[in-house]
Each structure stands twice: as C-alpha cells, then as structure tokens.
Amino acid sequence: MNGRQSGRPTLEQVAARAGVGRGTVSRVINGSPRVSEQTRTAVARAVAELGYVPNQAARALAGSRTDAVALVIPETEARLFAEPYFLDIIRGVSAELAAADKQLLLTLIRSEQERQRFEQYLAAQRVDGVLLASVHGDDPLPDRVRELGLPVVLNGRRAEAEPVPYVDSDNIGAGRTAVAHLVGRGRSRIATVTGPLDMYVARARLGGYRAGLTEAGLPPDEGLVSAGDFTEEGGRRAMRRLLDRRPDLDAVFAASDVMAAGARSVLREAGRRVPEDVALVGVDDSAVARLMDPPLTSVRQPIEEMGRTMARMLIQEIHESTEAAPEEPRRHVLPTDLVVRDSS
C-alpha cells in the first residue's frame, strides 16, 4: 500500500511518478541545484514511494569530473576520412580541448546497436559532456544525452527551432550568395545538388538557393533540383539526373565541395566545359576546392573555428552544470563568404 513494488525500480519509473524527465531525476539525485525546490520535493517523494536505490558507483562518478569529452560522428570510417569537413571539425575541437587540458574521445556510430552501446557508456558518467556532428532530423541522441544529465553541443542543428545548444554557419546565406554570384556571371538556368534533405543544413542551403533565384527574378524549376548525400558519388548521381532532365543548364550550385567534385567529373564525361558551358560553385572552401581542375569557387564556412567554438561552448556548459540552466539554449551562427576561383 505504500507504493513499493516488486523488482528494482528504475530511474524512468521515478521520473514517471514525479512527472519529470529522466535527466531531471538524475540531477536531483546527484545534488545539482539546477532544479526548483518543488521539483526536488516531487522527485524525493517518488524515490521514497518506489523505494528507488541509486547506483552508488554512478553517483560517485557523477560527483567528480572525468576531464574527458566525447565527439560523436554518426558516419563510417570511409566517410570520415574522405570528407575534409569532419577532419577540420576534429582539428578545431581537438585544439580547443587540448588547451583546456581535456581528453578527446572520438566515437563513430554506424548502427542502432552502437548508439545503444554508446548511451550505456554515457550512463556510466565516463565523460563530462558530448559534442555531436552531422546530426540528422530524426536523431534521438541529442535528447537522450540531455536526459542523462550531460551537457551537449551540436555541430549544426536538426531543425530551425533546435532545443539543444549548437554551433552552425549561415547555410541560407551560403545558397543565396552562390546564386547571386552565378547570376552576376550571366547564368540563368542554375541547378543545385542538395545534401540529404533529412538534414537541416541541406534544407537551409536549398532554401538559400531558392531565395537567391527569387531575388534575381528567376522562376523556380524543381527539375533543376537534384538530391545528393554529401558524398562524391552522390554528386555524380545527382549531376547525371540533372543533365538528363535539363541538358541546357548553365550553372550548378553543389551543397558541398565533395559533391561538386563528383558533379565536375560527370560534366567532363558529358563533354561540358567548366566554366565555359557550365559554371560550378561548392560549399566549404576545402582542400578539394583548391585542388580541382579548374579550382572551385566555393562558399567558405569557418569549419575549424566551428569546432573550436563548439568545444568552448561545451566547456562553458560543463562548468555551469551546477548552476541554474539558461532559459534558452546557446546558439552561435558563424558567417560564410564566397571564395571566387576559375570554375565560375
């Protein structure tokens, strides 16, 4: 009759009884002041009613810093090492964490099983915070990390109204800048190779492309839009579809330099000269852009600085984890700018 039940009660059951989230229960149990007295009382009552006994080892770990931070990239090794973007993010994060005397734990998550295993690792309080790169719209990991009571910062965001702290670049501006440049070069049948549209970054760059067309007085044409996946092969496939549908196109805005490289190879196979027949613009201003033939015009985003900013923001979140949580998540959007080369 006192509310106790058979079997060992879980943190989730305490949260449900108290009417709060799992992370809130964790903060109360670990003595964090980041909860109201009313919430603390509700959790304490639920703990007493259910007879919940916290894991003492986890509590002991939670009471001290590990001085370790996890950087999670949900991609394969092949994608990690083929994509300059990730290497620049790692470089920036690593430099900032080293300056703060923090250890970097790089984690690749390629399956649901690996995600669950990583969540178990986090639940053991083995890191002080988590950085997440390449997040997709349906990725539950950012919310799960917060439920575990750990600070987390995203590279990019899952949606316009992202509830988790993030560092991003002006992706809408990137698309608008690219289109304005191409229009200024006399191009009027401008196509785009997008990233995967379950990612906000891809949707934002596509939105910038469309806004640029509108501002230039060019009619929208969905036949000039082809979805890629931020890989070189994805850029090739998307470019082939564009040439099949709109062989008269005279410019392409690719949402990454790597996809632009794939598009460039298809244009060459089709006998199209860059930039004489088709002008080409990418995004990132990576080593890929500088080494292409001809060198690629690209919208530069400060990727390494994004990594540094993410790490600084997370360190601040960690240091403030025992204080009152801010009402709004921290957001930092870095500017982009166009680097003009011979491809446009």
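These values consider heavy atoms only, across backbone and side chains, with no hydrogens, waters or symmetry-generated copies. Given the structure is predicted, the values throughout are model-derived calculations rather than measurements.
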Exercise for the section: Could you check Asp284 against Gln301 for side-chain hydrogen bond (donor to acceptor under 3.5 Å, both in side chains), going step by step and ending with a plain yes or no? Expected result: CA-CA 5 Å; Asp284 286 339; Gln301 55 174 344; 2.6 Å; yes
Is it true that, when you exclude [X] itself, more than 12 heavy atoms of the residues, nucleotides or ligands shown sit nearer than 6.0 Å to its [atom1]?
X      : atom1 : result
Gln38  : CD    : no
Asp101 : CG    : no
Gln113 : CD    : no
Glu215 : CD    : yes

Ignoring hydrogens and angles, tell me if any N or O in the side chain of [X] forms a donor-acceptor pair with the backbone of [Y] under 3.5 Å.
X      : Y      : value
Arg330 : Val164 : no
Asn171 : Ser169 : yes
Ser343 : Thr297 : yes
Arg176 : Ala211 : no
Ser265 : Gly262 : yes
Thr66  : Ala68  : yes
Arg17  : Glu49  : no

Between [X] and [Y], does at least one N-O distance fall below 4.0 Å, as a salt bridge requires?
X      : Y      : answer
Arg341 : Asp285 : yes
Arg237 : Asp229 : yes
Glu77  : Arg110 : yes
Arg157 : Glu162 : no
Asp244 : Arg241 : no
Arg187 : Asp250 : no
Arg312 : Glu305 : yes

Completion exercise
Closest non-hydrogen atoms of Val179 and Leu213, given as atom of the first, atom of the second and distance, are CG1-N, 3.7 Å
So do [Y] and [X] actually touch side chain to side chain, heavy atoms under 4.5 Å?
X      : Y      : value
Leu249 : Val252 : yes
Tyr166 : His332 : no
Ser344 : Leu182 : yes

Practice task
Only pairs at least two apart or in different chains count here, so list each salt bridge (charged side-chain N to carboxylate O under 4.0 Å, His left out) that has a residue in residues 192-212.
Solution key: Arg210-Glu222
Completion exercise
Taken to the nearest 0.5 Å, the spacing of Leu338 CG from His181 NE2 works out to 5.5 Å
Exercise for the section: Report yes or no: do Ser286 and Asp257 form a side-chain donor-acceptor pair below 3.5 Å? Expected result: yes
Fill in the blank from the handout: Sorted by chain and number, sequence neighbours left out, side-chain hydrogen bond (donor to acceptor under 3.5 Å, both in side chains) with Tyr209 holds for none
Practice task
List for me each residue that meets salt bridge (charged side-chain N to carboxylate O under 4.0 Å, His left out) alongside Asp293, sequence neighbours excluded, and say none if there are none.
Solution key: Arg268
